[in-house]
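To start, the structure under review is shown below, and the notes come after it.
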Amino acid sequence: MIPITEYAGRDVAVFGLGRTGLSAAKALRAGGARVHAWDDNEETRAKAEAAGLVLSDINKRDWQTFAALVLSPGVPYKFPQPHRIVRMAEMTGVPIVGDMELFARAVQSLPERGRPKIIGITGTNGKSTTTALIGHILKQAGRDVRIGGNIGTGVLDLAPLHANAVYVLELSSYQLDLVKSLHCDVAVLLNITPDHLDRHGGMEGYQAAKMRIFQNQTARDVAVIGFDDVITQSIAIGLSANGPARVIQASSTYALGRGVSAVDGRLYDSTTGQANFVGKLAECTALPGRHNHQNASAAYAACRSLGLDPQTIMDGLKSFPGLAHRLEMVGEIDGVKFVNDSKATNAEAAEQALKAYKNAYWIAGGVPKADGIKSLSSHFPNITKAYLIGDAEEAFADTLKGKVALQKCGTLEYAVQAAFKDASAAGDEHPVILLSPACASFDQFRDFEHRGDVFRSIVQSMMPQELKELA
């Protein structure tokens, strides 16, 4: 835990008691603040009490006594309209901060020579994988690494600050909306496509939130920016011309004159103006597909900027085990591979999976998003057959009819068994049974993690004993 001493002896309101809210409340309490923690959800309050937190209904408190409101990133801050707790703070002049801002101020309070390195990663897609990948490479290189933020561990639950540590932090747009003091030694922006627009008042607000990752960088710092979409291309060019930080472009589409590129599965470092071959990304088994090659390019650039040599970084890329539920290889039976991409809860996410595999026995369905899967039509040739489940079964069947062989399966278990039967009988080269649902999971599962765990369990139950022992 990182104790927050800034508010020692003062009253602080904490609203929203999910993972980040709980960690903020505990860190403030450890630093001597009088914490008044609350959540509107009764079940969440019960979990917070079970975790040792004393609750205080801030709706009934005198807000003039609060030195700050620590707001969970999940609570609407500005759009579509400020939450009533936000309005209360604004009416009484109480400053609003998030857990990441508390962390940033704690770092800022240290003498410069005692500050850790901070790598921040954001983007619409790929930020969790890239965060975990950077952390893995640095750990393999022997660095003292702490990984958290929007992934895994809340930032204030990480080990205490010291000069030799490297904090590798995933930053969501919601978290970035609430930071002013965060200074990233390396700031990574992977891509920007429309997402969470209701929470940011439109695309302009969403982009502005993402740009906050660069706001306190200096000439000693590095900005790693993906170069594969129009918005981030513009940002990279603009910061190269006007920003204080050194900009490194990262691409899985273009052979960059200066930057890091993954071209035809081969990683090149051209940061000096000369293209140097680093390694083959086909050897990085947990990073299939062009989108993961961009993640690898960005991770390479970030780690190289901290002084790691190319071979050490490549070794880390090869040994990266991947993230659960994100193109996770969960088994292989008789040459048929099973891939768990349960995190793909919309068509855009599923598109990355369908790009990665050319012979997919695709399991899709669940609670459909409004735009369905029509946007995936250019990738239908990669689908050998589709196995449809859940509420989206009929709608997806209508979209795929006449274009892709399909089977309505209802449940995930039946879909896996049907897909394996077909893939085993077909005699195709490199068949992949791909769970990439393009849907939310709540019709049949608690969440996407539960859906992915069930898929993994089904696959393991089908394995011969000797394969189970190896898995």
Side-chain angles (χ1 to χ4, degrees), residues 71-83 86 90 96 98 100-101 120-131 149-151 169-180 182 184 187-217 223-243 245 247 249-254 290-291 294-295 297-298 343-352 355 368-379 438-440:
L71 190 69
S72 167
V75 179
Y77 178 40
K78 296 178 181 178
F79 301 99
Q81 61 183 15
H83 191 277
V86 172
E90 290 174 340
I96 301 172
M100 200 61 66
E101 176 65 12
I121 301 97
T122 197
T124 305
N125 295 302
K127 55 187 178 290
S128 293
T129 296
T130 305
T131 300
N150 195 52
I151 181 177
L169 306 176
E170 178 184 329
L171 301 167
S172 72
S173 58
Y174 299 169
Q175 289 173 312
L176 287 167
D177 249 349
L178 292 165
V179 297
K180 295 179 180 177
L182 183 66
C184 296
V188 180
L189 172 61
L190 295 166
N191 44 62
I192 296 181
T193 55
D195 199 19
H196 306 306
L197 300 189
D198 60 328
R199 277 290 304 268
H200 297 285
M203 192 65 187
E204 185 177 343
Y206 178 57
Q207 181 176 331
K210 292 296 189 186
M211 287 289 290
R212 293 172 76 87
I213 197 171
F214 304 117
Q215 65 184 341
N216 295 312
Q217 288 199 293
V224 177
I225 304 177
F227 206 72
D228 293 339
D229 64 81
V230 173
I231 295 175
T232 52
Q233 286 174 8
S234 176
I235 291 169
I237 292 167
L239 286 182
S240 294
N242 304 309
V247 173
Q249 299 169 2
S251 176
S252 61
T253 303
Y254 305 102
R290 180 174 286 180
H291 67 296
Q294 186 196 50
N295 297 338
S297 299
K343 180 66 167 65
T345 57
N346 57 42
E348 184 176 31
E351 179 180 14
Q352 306 303 327
K355 285 180 180 178
K369 300 297 174 71
D371 50 358
I373 56 170
K374 291 179 181 178
S375 63
L376 299 176
S377 59
S378 63
H379 306 293
C439 283

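Just so you know, residue 1 is the first one in the sequence shown, and it goes up from there. Owing to the predicted nature of the structure, the values given are computational and were not obtained by experimental measurement.
To the nearest 0.5 angstrom, E170 atom CD is 4.5 Å from T131 atom OG1. The line from CG of D177 to CG of L71 is 10.0 Å long, rounded to the nearest 0.5 Å. Summarising the geometry, atom CG belonging to L178 is positioned 12.0 Å from atom CG belonging to L171; distances are rounded to the nearest 0.5 Å. Between the NZ atom of K355 and the OG atom of S378 there is a distance of 8.0 Å, given to the nearest 0.5 Å. Note that OG of S172 is 7.0 Å distant from NZ of K127, once rounded to the nearest 0.5 Å. Rounded to the nearest 0.5 Å, atoms NZ (K369) and CG (N346) are 5.0 Å apart.
Under the 4.5 Å side-chain criterion, counting only non-hydrogen atoms from C-beta, N150 is not in contact with M100. A heavy-atom distance below 4.5 Å is not found between the side chains of H291 and N125. In this structure the side chain of V86 never reaches within 4.5 angstrom of the side chain of K78, judged on heavy atoms. Contact of the V75 side chain with the Y174 side chain is not registered, since no non-hydrogen atoms from C-beta on lie closer than 4.5 Å. Residues F227 and T253 fail the side-chain proximity criterion, which asks for heavy atoms closer than 4.5 Å. In this structure the side chain of Q294 never reaches within 4.5 angstrom of the side chain of T130, judged on heavy atoms. Side-chain contact between C184 and I213 is present, with at least one heavy-atom pair separated by less than 4.5 Å.
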Derivation and outcome, side chain to side chain contact (heavy atoms under 4.5 Å, CB included), residues Q352 and R290: CA-CA 8 Å; Q352 306 303 327; R290 180 174 286 180; 6.0 Å; no
Under the criterion side chain to side chain contact (heavy atoms under 4.5 Å, CB included), I'd like the reasoning laid out for L176 against M211: C-alpha separation, chi angles, the key distance, then a yes or no. CA-CA 9 Å; L176 287 167; M211 287 289 290; over 6 Å; no
Please step through side chain to side chain contact (heavy atoms under 4.5 Å, CB included) for the pair E101 and V179, ending with a clear verdict. CA-CA 5 Å; E101 176 65 12; V179 297; 3.9 Å; yes
Does the side chain to side chain contact (heavy atoms under 4.5 Å, CB included) test come out yes or no for Q207 and I231, once each step is laid out? CA-CA 9 Å; Q207 181 176 331; I231 295 175; 3.5 Å; yes
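Nearest heavy-atom pair across A223 and F214 is CB-CE2, 3.6 Å. Closest approach of G372 to A347, counting heavy atoms only: O-CB, 3.4 Å. Closest approach of A298 and L190 over heavy atoms only: CB-CD2, 3.6 Å. The shortest heavy-atom contact between V224 and A250 is CG1-CB, 4.3 Å. Closest heavy-atom contact between G226 and T232: O-OG1, 2.9 Å. For the residue pair R199 and P80, the shortest heavy atom distance occurs at CD-CD, 4.4 Å.
Screening D229, T193, L189 for a side chain to side chain contact (heavy atoms under 4.5 Å, CB included) with T124, the sole residue that qualifies is T193.
In terms of modelled atom types and a separation under 3.5 Å, the side chain of D228 and the main chain of N191 share no donor-acceptor contact. In this structure, N216 contributes its side chain and L182 its backbone to a donor-acceptor pair below 3.5 Å.
Every residue meeting the ring pair (Phe, Tyr, Trp, His ring centres under 6.0 Å) condition with Y206, not counting sequence neighbours, appears here in chain and number order: H200.
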